[in-house]
Asks: 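My structure is below; once you've seen it, I'll send some questions.
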Amino acid sequence: MNILAVESSCDETAVAIVRDGREVLTDCIASQVALHREYGGVVPEIASRKHIEAIYGLADQALEEAGLTRDDIDAVAVTYAPGLIGAVLVGVNFAKAAAMAMGKPLIPVHHIRGHIAANYLAYPDLEPPFLCLVVSGGHTMIIEVKDYTDMRILGTTLDDAAGECFDKVGRVLGMPYPGGAALDKAAQQGDEKNYTLPVSKPGENPYNMSFSGLKTATLNLIHHADQVGEALDIPSLCAAFTAAVSETLVPRVVRALEETGYRKVAVAGGVAANSRIRHDILEAAEKLGATVYMPPLKLCGDNGAMIGAQAYYEYLAGNVADMSLNAYATKSILGEAL
Ligand code: KG4
Ligand code: ZN
């Protein structure tokens, strides 16, 4: 089954064609990152307009690259939530029009389920159940993937997402948007012991997390240094910040593995590209004899292929939509009725 998959929830317009949920025939992306960089973050109105400009050409490009025609497409999938509402709407409207014009089923996909499904592309043998740490620009969660479309949220951030904090700290340090990748690189040259930053303690739900205290403490430290004219050791500050994020995430993943008994853990989302977090999870999981699934960097960030992968399983579960499908800025990954 060839699924044409559309993703436009943030600042990447993406169209991919994925066969049977596992084989990427083509994965086309038009990134707007350089455009938003000028403003230090995503400007929603600009994102929507650029999605409209890019999406038709990308769909044609996807067919051409895969050597397919519209007749070879069996269904159209789209991210319908969550994301910047104007941006998601562009993809949803395009997908509805394409599905209607081709007379093919329309499959709505939750963006975070898509991130998890990036693992099915990277690891053809991976099947649920498993645990997944989702760390993106907008979400930070530990999820029990009981089946392809059956999930349980073990824990979530109570305030900021990890990626949001990377981007905010990166911005204040003068790094180009989005700050995560630049901060990761700088951290590799630093010594985390040069700064002490707070790590959130487990609360009532030991899997929940908080990053706002860490973000505020880091920003205060930077502003204070600026006010008193003190030179910052930026690589070491980045290293201490990244270590604190990792020390928030990894022990919770370890606890989840221990308490659930799972021995498979996947990571997903843009922050899953972070070298320190990847290293720490691998090391911790190895001690427990657990296998870690980490998609390659290009599948960690937003892309259309991950939407096409999840869409296949949504289709098999009967989760298709009609022309009344709407876009949603927020929606639970648990997938209540549309
Ligand atoms: O999953 P994603 O592409 O978009 C959302 O769905 O949010 O994640 C984007 C986030 C941004 O916050 C970006 O700074 C972060 O992923 N990111 C990283 C790294 N690469 C991307 N954060 C830390 N280290 C990285 N190497
Ligand atoms: Zn994403």
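This structure is a prediction, so every number in the text was calculated from the model and none was measured. Note that ligands are numbered from 1 as they come in the structure, with each ligand's atoms numbered from 1 the same way.
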Asks: Consider every N or O of G180 and every N or O of ligand 1, then say whether any pair is closer than 3.5 Å.
Replies: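 So ligand 1 has an N or O lying under 3.5 Å from an N or O of G180.
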Asks: Looking only at distance, does F166 have an N or O less than 3.5 Å from an N or O of ligand 1?
Replies: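 Among all N and O atoms of F166, none is under 3.5 Å from an N or O of ligand 1.
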Asks: For atom 24 (N) of ligand 1, which protein heavy atom lies nearest, and how many Å away is it?
Replies: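 Here the closest protein heavy atom is N274 ND2, 3.0 Å.
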Asks: Can you check whether F94 and Y56 have ring centres sitting under 6.0 Å from each other?
Replies: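 Judged by ring-centre distance (under 6.0 Å), F94 and Y56 do meet the cut-off.
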Asks: For F241, enumerate each residue passing the ring pair (Phe, Tyr, Trp, His ring centres under 6.0 Å) test, keeping only those at least two apart in sequence or located in another chain.
Replies: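 Only F166 meet the ring pair (Phe, Tyr, Trp, His ring centres under 6.0 Å) criterion with F241.
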Asks: Please list, in chain and residue-number order, the protein N/O/S atoms closer than 2.8 Å to the Zn ion (ligand 2).
Replies: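 Listed by chain and number: H111 NE2, H115 NE2, D302 OD1.
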Asks: For a quick test of reading the model, state the closest non-hydrogen atom pair linking A47 to C10 and the distance between them.
Replies: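 Minimum heavy-atom contact is CB-O, 3.8 Å.
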Asks: Give me the one residue out of L249, T216, L158 that meets side-chain contact (heavy atoms from CB on, under 4.5 Å) with F211.
Replies: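 Answer to the side-chain contact (heavy atoms from CB on, under 4.5 Å) test with F211 among L249, T216, L158: L249.
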Asks: Using a 3.5 Å cut-off on N or O atoms only, is G301 in polar contact with ligand 1?
Replies: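 No, there is no polar N/O contact under 3.5 Å.
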Asks: Tell me the closest heavy-atom pair linking Y148 and P128, and the distance in Å.
Replies: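 Nearest heavy atoms, Y148 then P128: CZ-CD, 3.3 Å.
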Asks: Is the centre of the Y120 ring less than 6.0 Å from the centre of the Y312 ring?
Replies: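 Centroid distance Y120-Y312: not below 6.0 Å, so no.
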Asks: Within this structure, what is the CD-CD1 distance for the pair Q310 and I112, rounded to the nearest 0.5 Å?
Replies: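 CD1 of I112 is found 11.5 Å from CD of Q310.
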Asks: Quick one: which of G170, S9, P82, G270 has a heavy atom closest to atom 1 (O) of ligand 1?
Replies: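 Residue with the shortest heavy-atom distance to the ligand atom: G270.
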Asks: Could you see which bit of H111 sits under 4.0 Å from ligand 1, with heavy atoms only: side chain, backbone, both or neither?
Replies: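 The answer is the side chain of H111.
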Asks: Return the closest protein heavy atom for atom 14 (O) of ligand 1 as residue, atom name and distance.
Replies: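 Minimum-distance protein heavy atom for atom 14 (O) of ligand 1 reads D167 OD1, 2.5 Å.
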Asks: For G163, counting its heavy atoms only, list the atoms of ligand 1 lying under 4.0 Å from any of them.
Replies: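 Ligand 1 atoms under the 4.0 Å threshold to G163: 12 (O).
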Asks: What residue among H110, R113, E7 forms side-chain contact (heavy atoms from CB on, under 4.5 Å) with T79?
Replies: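 Considering H110, R113, E7, a side-chain contact (heavy atoms from CB on, under 4.5 Å) with T79 is found only for E7.
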Asks: Have a look at ligand 1 and work out which part of E12, if any, has a heavy atom under 4.0 Å from it: side chain, backbone, both or neither.
Replies: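 Contact part for E12 vs ligand 1: neither.
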Asks: For the side-chain contact (heavy atoms from CB on, under 4.5 Å) test, which of I17, I107, I73 pairs with I3?
Replies: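 So the option named by the test is I107.
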Asks: So D167 and R171, salt bridge (Lys or Arg N to Asp or Glu O under 4.0 Å) or not? Walk me through it.
Replies: CA-CA 6 Å; D167 294 346; R171 184 158 90 181; over 6 Å; no
Asks: Among all protein heavy atoms, pick the one closest to atom 26 (N) of ligand 1 and tell me residue, atom and distance.
Replies: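 The closest heavy atom on the protein side is D184 OD2, 2.9 Å.
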Asks: How far is atom 2 (P) of ligand 1 from its nearest protein heavy atom, and which residue and atom is that?
Replies: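 It is D302 OD1, 3.5 Å.
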Asks: Run the contact test for G138 against ligand 1 with a 4.0 Å cut-off on heavy atoms, strictly below, and give the result.
Replies: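 In this structure, G138 qualifies as a contact of ligand 1 - some heavy atom is under 4.0 Å.
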Asks: May I ask you to identify the nearest protein heavy atom to atom 5 (C) of ligand 1, giving residue, atom name and distance to one decimal place in Å?
Replies: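 Looking at atom 5 (C) of ligand 1, the protein heavy atom closest to it is G137 N, 3.6 Å.
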Asks: Side chains of H279 and N274 only: does a donor on one sit below 3.5 Å from an acceptor on the other?
Replies: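 The criterion, which ignores hydrogens and geometry beyond distance, is not satisfied for N274 and H279.
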Asks: I want to check something: taking the side chain as every heavy atom from C-beta on, are V78 and L325 in contact at a cut-off of under 4.5 Å?
Replies: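 Side-chain contact under 4.5 Å: yes.
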